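Remember, it's 1-based here, ligands and their atoms both numbered in the order they're listed. Keep in mind it's a predicted model, so treat the numbers as computed, not measured.
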Amino acid sequence: MQKIIDGKAFAANLRAEVQRKVGLLVKDGGVTPGLAVVLVGEDPASQVYVRSKGKQTVEVGMQSFEHKLPDTTSQEALVDLIDSLNNDDSVHGILVQLPLPPQIDEKIVINRISPDKDVDGFHLDNVGRLSIGDPGIVPCTPLGCIMMIKEQLGDLSGKHAVIVGRSNIVGKPMASLLLMENCTVTITHSRTKDLAAECRRADILVAAVGRPEMIVGDWVKPGATVIDVGINRVDAGDGKTKLVGDVDFASVEPVASHITPVPGGVGPMTIACLLHNTLQQACHITGKSVPE
Ligand code: GUN
């Protein structure tokens with residue numbers, strides 16, 4: 001067991017596992033999973049993610065389809081593209097990179113993706129399945145977190161999990177996953193009265209608020225497992241910028257029993273989980289079982 005959870009190594013193992021299963025699916029099932037990623041506009045961070053997704057998709061033996069549209073794209077044009085991807089048999093997963101430009105309604109677009117090709121787990125059908133504990137596609141970031149937590153701690157029954165942040169992408173699905181593991185779950189947010197006191201009760205603390213280094217050592221119970229979902233770019237003081245999480249690593253690391261660093265913790269797991277979800281959907285759509 002490691003104190004500093006190596007998300008990079010964990011993600012490399014998961015990718016290797018996906019690659020092996022894709023190989024079996026191609027060989028025995030005649031199916032090559034295909035992932036379509038749609039990027040609207042030129043947001044630099046989104047461009048980096050999309051490039052990285054495409055590269056890793058190909059590396060595990062899947063087909064990658066990239067659709068780059070100008071930031072003036074109309075909602076109608078985007079919906080038409082999604083309809084054609086929904087009807088394309090070589091595409092098993094569709095991801096529309098968020099955020100979208102203001103003229104486009106995110107909810108309409110996300111729910112236009114066939115739930116059987118949704119690899120983000122953002123479609124309402126998949127959100128509903130997760131919230132009642134049915135099998136389905138789970139959003140990539142919380143899926144990566146729960147995999148790492150279970151790997152470190154094993155059985156989570158009866159543990160107190162505290163989540164800082166109530167977003168639809170991380171906080172809420174994270175709560176559903178931890179509940180399914182029989183944790184007692186508290187979700188905290190900007191109106192929570194005594195956030196430090198709530199955090200101090202956590203055996204498992206998940207920080208997903210987007211506030212640089214907000215959670216400090218004094219807020220953490222000795223021996224807690226701390227999962228830092230934050231990716232914040234801050235001034236490094238030398239004219240450059242650096243990435244930090246929502247957790248103040250320097251003060252929390254000595255108190256925690258396990259902690260994810262930023263970078264190199266949760267981040268690398270997200271794309272690995274996207275590949276995992278694409279494989280799941282390729283098997284689901286084609287009626288094949290996921291190779292062992
Ligand atoms: N933008 C930032 N993270 C994500 C993600 O997980 N999925 C999508 N579709 N867009 C994002």
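The closest donor-acceptor contact from the side chain of Asp43 to the backbone of Gln47 lies at 3.5 Å or more, if one exists at all. Using a distance-only test at 3.5 Å, with no hydrogens or angles considered, a donor-acceptor pair links the side chain of Asn277 to the main chain of Val138.
Polar contact check, Leu98 against ligand 1: a nitrogen or oxygen pair lies under 3.5 Å apart. Note: an N/O pair closer than 3.5 Å links Asp120 and ligand 1 by distance alone.
Atom 3 (N) of ligand 1 lies below 4.0 Å from none of the non-hydrogen atoms of the protein.
Within the 4.0 Å heavy-atom cutoff, Tyr49 does not count among the residues contacting ligand 1.
Salt-bridge check for Lys68 with Glu66: passed, with a basic side-chain N closer than 4.0 Å to an acidic carboxylate O.
Taking every heavy atom of Val96 and a limit of under 4.0 angstrom, the matching atoms of ligand 1 come to 8 (C), 9 (N). Here is the list of ligand 1 atoms found below 4.0 Å of a heavy atom in Leu95: 9 (N).
The nearest protein atom to atom 11 (C) of ligand 1, hydrogens excluded, is given as Gln97 NE2, 3.5 Å; this is a heavy-atom distance.
With no hydrogens or angles considered, no side-chain donor-acceptor pair links Ser176 and Ser131 at under 3.5 Å. For the residue pair Asp248/Ser251, the side-chain donor-acceptor check at 3.5 Å is satisfied.
Across Glu181, His258, Met148, a single residue satisfies side-chain contact (heavy atoms from CB on, under 4.5 Å) together with Leu153, and that is His258.
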